[in-house]
2 protein chains.
Amino acid sequence: MARYFIQNENPPKEKEEICPVTYTQNLTSGRWKLMILWYLSKGTKRFNELHRSLSGISKGILTRQLRELEEDEMVHREVYKEVPPKVEYSLTPKGVSFIPILDMMGEWGKKHLKSDQ
Amino acid sequence: MARYFIQNENPPKEKEEICPVTYTQNLTSGRWKLMILWYLSKGTKRFNELHRSLSGISKGILTRQLRELEEDEMVHREVYKEVPPKVEYSLTPKGVSFIPILDMMGEWGKKHLKSDQ
DNA sequence: CAGGATCCAGCATGATACTG
DNA sequence: CAGTATCATGCTGGATCCTG
């Protein structure tokens, strides 16, 4: 995540109010985060499933972005104590509540992709 | 803009289909882009107005992000041939159509900012 | 006023090798 | 399988100086 310092509204900032849009932006900035949320919106996935779905991402980066999403309570990580290891990722309620935004971004993108041709 | 290579859906990619979500992400990634769109959603603004509103941004970066938004047809740049120069920025129809997403991000952020406390 | 042109630092991502 | 660790690199944004 970019984790930019939080951008404040200006001039009515009192007591360092955080801009909600920037808050949202911060949670979802990171090259693969939206795609991760997108795939998880279709259901629980294991680590390697995600890794295969997001072709191009390296395992290290996938791990890190998942950890950040977990830290921000967007994603839940469930570890099964088995050998070989099994770890399942799913959306938290907070993550689920983000899906409508993802859908709108998809709709918007689809529309303007067409008219760009 | 990050201008990441376009992420494709996987496996049903045929003929290099572009993921609409990634398209949207690409157009709006950049530290200040969402805030720029946000301020412009309130009406036409001059360069220095924007610069003052977005406290912390340098003029060089503001120029660059505005140029990218212009290139992506999100923002319209109107130059008045006067001395001293006057340049006004406003949203294009495409930019305006993005506002609902911005609003949702704001609402979502506001909600989860609270419950984070 | 509204930039353009450089240069540079930091950090996010990528590549690769290794592990319980 | 699901990572961790390390190193390499490329971009993004910031700082600074200059201009019509």
Side-chain angles (χ1 to χ4, degrees), chain A residues 1-8 10 22 25-37 39-40 44-72 75-90, chain B residues 1-8 10 22 25-37 39-40 44-72 75-90:
Chain A
M1 181 188 303
R3 299 290 183 196
Y4 299 131
F5 67 83
I6 300 301
Q7 172 71 13
N8 295 312
N10 202 50
T22 302
Q25 183 182 27
N26 285 344
L27 293 205
T28 55
S29 68
R31 174 165 180 185
W32 305 93
K33 293 224 180 124
L34 294 183
M35 281 299 113
I36 291 171
L37 295 174
Y39 282 114
L40 290 184
T44 296
K45 298 236 181 303
R46 297 181 62 172
F47 183 83
N48 272 350
E49 281 187 273
L50 279 173
H51 188 238
R52 277 187 296 274
S53 297
L54 303 163
S55 72
I57 193 174
S58 74
K59 292 168 114 185
I61 294 301
L62 177 55
T63 300
R64 237 189 291 166
Q65 306 222 341
L66 281 169
R67 289 291 185 283
E68 289 177 358
L69 286 168
E70 195 190 354
E71 195 180 325
D72 292 326
V75 160
H76 173 70
R77 177 165 174 261
E78 186 73 34
V79 183
Y80 297 85
K81 296 240 166 217
E82 305 174 0
V83 178
K86 175 179 173 183
V87 179
E88 285 187 342
Y89 291 92
S90 57
Chain B
M1 183 188 302
R3 299 290 184 194
Y4 299 133
F5 67 81
I6 299 300
Q7 172 70 13
N8 293 312
N10 203 51
T22 301
Q25 183 183 26
N26 284 344
L27 293 205
T28 56
S29 68
R31 175 163 179 187
W32 304 93
K33 295 227 179 120
L34 294 183
M35 282 299 114
I36 291 172
L37 295 174
Y39 281 114
L40 290 184
T44 295
K45 299 235 180 303
R46 297 181 62 173
F47 182 82
N48 273 350
E49 281 186 274
L50 279 173
H51 187 239
R52 276 187 297 273
S53 298
L54 303 163
S55 73
I57 193 175
S58 74
K59 291 170 112 184
I61 294 300
L62 177 55
T63 300
R64 261 177 17 211
Q65 307 221 341
L66 281 169
R67 288 294 184 283
E68 289 177 0
L69 287 168
E70 195 190 353
E71 195 179 325
D72 292 326
V75 160
H76 172 70
R77 178 165 173 262
E78 185 73 34
V79 183
Y80 297 85
K81 296 240 168 214
E82 305 175 0
V83 178
K86 176 179 172 183
V87 179
E88 286 187 342
Y89 292 92
S90 57

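Note that the structure is a prediction, hence the values are computed from the model and not measured. Below, chain A is the first sequence line, B the second, and so on; all start at residue 1.
Listed by chain and number, the residues in a side-chain contact (heavy atoms from CB on, under 4.5 Å) with B:Ser58 are B:Ile61 (sequence neighbours excluded). Judged as a side chain to side chain donor-acceptor pair (under 3.5 Å), and not counting sequence neighbours, the contacts of B:Glu88 are B:Tyr80. Residues passing the side-chain contact (heavy atoms from CB on, under 4.5 Å) test with B:Lys59 are B:Phe47, B:Asn48, B:His51, sequence neighbours excluded. Listed by chain and residue number, A:His76 satisfy the side chain to side chain donor-acceptor pair (under 3.5 Å) test with A:Glu78 (two or more places apart in sequence, or in another chain). In this structure, the side-chain contact (heavy atoms from CB on, under 4.5 Å) partners of B:Val79, at least two apart in sequence or on a different chain, are B:Arg77, B:Val87.
The separation between A:Asn48 atom CG and D:dT4 atom P is 13 Å, rounded to whole Å. Regarding A:His51, its NE2 atom lies at a distance of 12 Å from the C1' atom of C:dT16, rounded to whole Å. In this structure, B:Leu66 atom CG and C:dA2 atom P are separated by 11 Å, rounded to whole Å. Rounded to an integer number of Å, the gap from CZ of A:Arg31 to P of D:dG10 is 14 Å. Residue A:Lys86 contributes atom NZ, which lies 17 Å from atom C1' of D:dG3 at whole-angstrom precision. Nucleotide C:dG3 holds its P atom 16 Å from the NZ atom of B:Lys45, rounded to whole Å. Whole-Å rounding puts the B:Gln25 CD to C:dA12 C1' distance at 13 Å. Rounded to an integer number of Å, the gap from CH2 of B:Trp32 to P of D:dG13 is 10 Å.
At its two ends the helix from C:dC1-D:dG20 to C:dG20-D:dC1 runs along axes set 50° apart, each axis drawn from five pairs and the angle rounded to 10°.
Phosphate contact (OP1/OP2 of C:dA12, side-chain N/O of A:Gln65, threshold under 4.0 Å): absent. Neither OP1 nor OP2 of D:dC1 sits under 4.0 Å from any side-chain N or O of A:Tyr89. At least one side-chain nitrogen or oxygen of B:Arg67 sits closer than 4.0 Å to the OP1 or OP2 atom of C:dG3.
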Kindly indicate, with the supporting measurements, whether the criterion side chain to side chain contact (heavy atoms under 4.5 Å, CB included) is fulfilled by B:Leu37 and B:Val75.
CA-CA 8 Å; B:Leu37 295 174; B:Val75 160; 4.1 Å; yes

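A 4.5 Å side-chain heavy-atom check between A:Leu40 and A:Leu50 finds at least one atom pair inside the cut-off. Counting heavy atoms from C-beta outward, B:Leu62 and B:Ile36 have side chains that approach closer than 4.5 Å.
To the nearest 0.5 Å, atoms OG (B:Ser29) and CZ (A:Arg31) are separated by 10.5 Å.
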Protein within reach of the bases, or only the backbone? For nucleotides 15-20 of chain D, mark each nucleotide 5' to 3' as B, S or -, using heavy atoms under 4.0 Å.
-----B

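Residue A:Tyr80 is out of contact with every strand shown, counting any heavy-atom pair closer than 4.0 Å.
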